[in-house]
Amino acid sequence: MRGTILLSKSTLNNNYITMVSYKELGLVNTKEMFAKAIKGGYAVPAFNFNNMEQLQAIIKAAADEKSPVILQVSKGARNYANPILLRYMAQGAVDYAKSLGWEHPEIVLHLDHGDSFELCKDCIEHGFSSVMIDGSHLPYEENVALTKQVCDYAHQYDVTVEGELGVLAGVEDEVSSDHHTYTDPEEVIDFATRTGVDSLAISIGTSHGAYKFKPEQCTLDPKTGRLVPPPLAFDVLEAVQNKLPNLPIVLHGSSSVPQDEVDTINKFGGKLPDAIGIPEEELRKAAKMDVCKINIDSDSRLAMTAAVRQVLAEKPAEFDPRKYLGPARDNMEKLYKHKIVAVLGSAGKAE
Ligand code: G3H
Ligand code: 13P
Ligand code: ZN
């Protein structure tokens with residue numbers, strides 16, 4: 001059977017599982033991908049997924065645009081979709097990409113916000129090519145120790161590891177904090193050398209979810225009537241990259257919260273008042289610097305929800321899920337392509 005390499009006792013559920021290497025699945029780790037992105041002045045999109053329509057849309061967009069892509073799975077998504085199914089979906093994604101004419105797909109399967117060594121190990125055993133260990137909420141020395149433990153294990157299998165320094169604000173299923181603390185550039189060299197991380201998520205003012213800023217933090221653009229959020233802390237980003245040039249930097253919480261999707265949701269019965277994201281110009285600027293992975297989840301949720309709400313509102317007699325999940329998938333594909341082509345600059349980088 002393709003992908004079978006050895007039997008190992010799963011740390012999480014104490015069952016013997018068939019360990020699978022990501023290489024057997026046709027996936028890649030982030031090492032070369034990030035080295036090329038830093039050199040080329042673009043960022044690789046990291047799109048979260050937890051269902052088939054999201055995965056189809058991501059792969060179609062990446063294949064059509066020949067963009068390297070990171071398929072990102074949170075702990076909550078893994079619990080939702082089932083780890084075994086997810087593994088086969090990722091394997092299927094590689095073959096699907098090839099069937100779309102993408103000869104050499106560059107696809108990473110990445111654990112987003114791993115919160116324990118055991119979870120990271122389990123993902124590596126299930127074919128992930130990259131894991132994040134998020135110790136950002138821990139005291140510094142504990143973050144170092146946990147991140148090093150994951151790196152030491154992951155690197156044996158050529159799996160790459162993302163760590164995090166600094167705290168992002170925002171609330172998600174498995175990640176939450178009501179305040180942010182910018183990354184301290186003084187800690188970066190020590191953290192990177194002692195842990196061996198392959199990439200580092202930093203905090204410069206982005207945050208998770210669709211409510212990244214309060215209206216009172218923003219100014220009003222008289223031309224559009226839209227709220228403009230305060231700028232990201234590019235001085236912190238610059239200081240980090242000056243400390244450790246060529247360390248791949250990751251930005252979480254980088255959805256832009258497209259106002260047309262928010263308007264559609266609100267028009268068709270939704271209630272998302274004052275949803276505000278990161279302006280695209282700021283992400284473009286970051287992508288040209290040493291930021292080589294940009295995480296986007298909320299925008300895909302918005303694109304999906306907007307399309308579903310619109311179909312169900314306009315066609316109340318419709319009850320075939322394909323009739324509303326199909327348009328949702330199309331809307332997400334359009335969004336992913338826009339990110340790849342017009343924001344991150346990764347189109348054509350994985351021919
Ligand atoms: O940063 C977190 C991602 O958006 C995943 O969110 O934990 O709700 O799946 P989730
Ligand atoms: P958004 O909520 O801004 O999409 O951020 C997603 C993210 O950081 C996943 O790790
Ligand atoms: Zn995140």
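All ligand and atom numbering here is 1-based and tracks the order in the structure. These numbers come from a predicted model, not from an experiment.
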| Worked check of salt bridge (charged side-chain N to carboxylate O under 4.0 Å, His left out) between Lys75 and Asp112 | CA-CA 7 Å; Lys75 182 177 172 181; Asp112 190 25; over 6 Å; no
Enumerate the atoms of ligand 2 whose separation from the nearest heavy atom of [X] is less than 4.0 angstrom.
| X | answer |
| --- | --- |
| Asn48 | 9 (C) |
| Lys212 | 1 (P), 2 (O), 3 (O) |
| His208 | 2 (O), 5 (O), 6 (C), 7 (C), 8 (O), 10 (O) |
| His252 | 8 (O), 10 (O) |
| His113 | 10 (O) |

Backbone, side chain, both or neither: what part of [X] comes under 4.0 angstrom of ligand 1, heavy atoms only?
| X | answer |
| --- | --- |
| Arg78 | neither |
| Asn295 | neither |
| Asn50 | neither |
| Lys75 | neither |

| task | For the Zn ion (ligand 3), find the closest N/O/S atom on His252 and give its atom name. | result |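 That would be atom ND1.
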| query | Closest N/O/S atom of His208 to the Zn ion (ligand 3), by atom name? | reply | NE2
With atoms numbered from 1 as shown, which atoms in ligand 1 lie under 4.0 angstrom from a non-hydrogen atom of [X]?
| X | result |
| --- | --- |
| Asn48 | 3 (C), 5 (C) |
| Asp112 | 1 (O), 2 (C), 3 (C) |
| His113 | 1 (O), 2 (C) |
| Asp297 | 3 (C), 4 (O), 5 (C), 6 (O) |

| Do the side chains of Leu247 and Ile294 join up, straight or via other hydrophobic residues, at under 4.5 Å, putting them in one cluster? | yes
| task | State plainly whether one hydrophobic cluster holds both Ile70 and Leu283, where clusters connect Ile, Leu, Val, Met, Phe, Trp and Tyr through side-chain heavy atoms under 4.5 angstrom apart. | result | no
Among side-chain atoms of [X] and [Y], is any donor-acceptor pair under 3.5 angstrom?
| X | Y | answer |
| --- | --- | --- |
| Tyr336 | Asp299 | no |
| Asn331 | Glu261 | yes |
| His338 | Glu280 | yes |

| field | Arg329 and Glu333: CA distance, side-chain angles, deciding distance, salt bridge (charged side-chain N to carboxylate O under 4.0 Å, His left out) verdict | value | CA-CA 6 Å; Arg329 184 177 62 193; Glu333 184 188 321; over 6 Å; no
| said: As a test of understanding, state which of Gln54, Gln72, Arg301 forms a side chain to side chain donor-acceptor pair (under 3.5 Å) with Asn48. | reply: Gln72
Does ligand 1 have an atom that lies less than 4.0 angstrom from a heavy atom of [X]?
| X | value |
| --- | --- |
| His252 | no |
| Met132 | no |
| Ser74 | yes |

| message | Looking at Tyr80, I want to see if its OH is surrounded by more than 12 non-hydrogen atoms of other residues, nucleotides or ligands under 6.0 Å. | response |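 For Tyr80, atom OH is not crowded (no more than 12 foreign heavy atoms under 6.0 Å).
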| Gap separating the CG atom of Asp198 from the NZ atom of Lys293, nearest 0.5 angstrom | 12.0 Å
So, is [X] polar-close to ligand 2, with some N/O to N/O distance under 3.5 Å?
| X | answer |
| --- | --- |
| Asp299 | no |
| Ile296 | no |
| Asp297 | yes |

| query | Ring centres of Tyr22 and Phe128 under 6.0 Å apart? | reply |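 Between Tyr22 and Phe128, the centre distance exceeds or equals 6.0 Å.
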| request: Look at atom 1 (P) of ligand 2 and find which of Ser300, Ser298, Gly277 reaches it with the closest heavy atom. | output: Ser298
| message | Less than 4.0 Å is my threshold; does some heavy atom of Gln72 fall inside it relative to ligand 2? | response | yes
| request: Say whether Arg301 and ligand 2 are in contact under the criterion: heavy-atom distance to a ligand atom below 4.0 Å. | output: no
| field | Steps toward salt bridge (charged side-chain N to carboxylate O under 4.0 Å, His left out) verdict (Arg226, Asp263) | value | CA-CA 12 Å; Arg226 301 284 192 197; Asp263 290 346; 3.0 Å; yes
| task | Find out whether Phe213 and Pro230 are in side-chain contact, i.e. whether some heavy atom of one side chain is under 4.5 Å from a heavy atom of the other. | result |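 A side-chain contact exists here, since the closest heavy-atom pair is under 4.5 Å.
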| field | Audit row: Glu187, Arg194, salt bridge (charged side-chain N to carboxylate O under 4.0 Å, His left out) steps and yes/no | value | CA-CA 11 Å; Glu187 289 179 341; Arg194 285 172 63 199; over 6 Å; no
| said: Please evaluate residues His137 and His113 with respect to the criterion ring pair (Phe, Tyr, Trp, His ring centres under 6.0 Å), reporting the C-alpha separation (whole Å), side-chain torsions for both, the decisive distance (0.1 Å), and the verdict. | reply: CA-CA 11 Å; His137 54 287; His113 293 285; 9.8 Å; no
| note | Counting heavy atoms under 4.0 Å, the part of Ala46 that contacts ligand 2 is neither
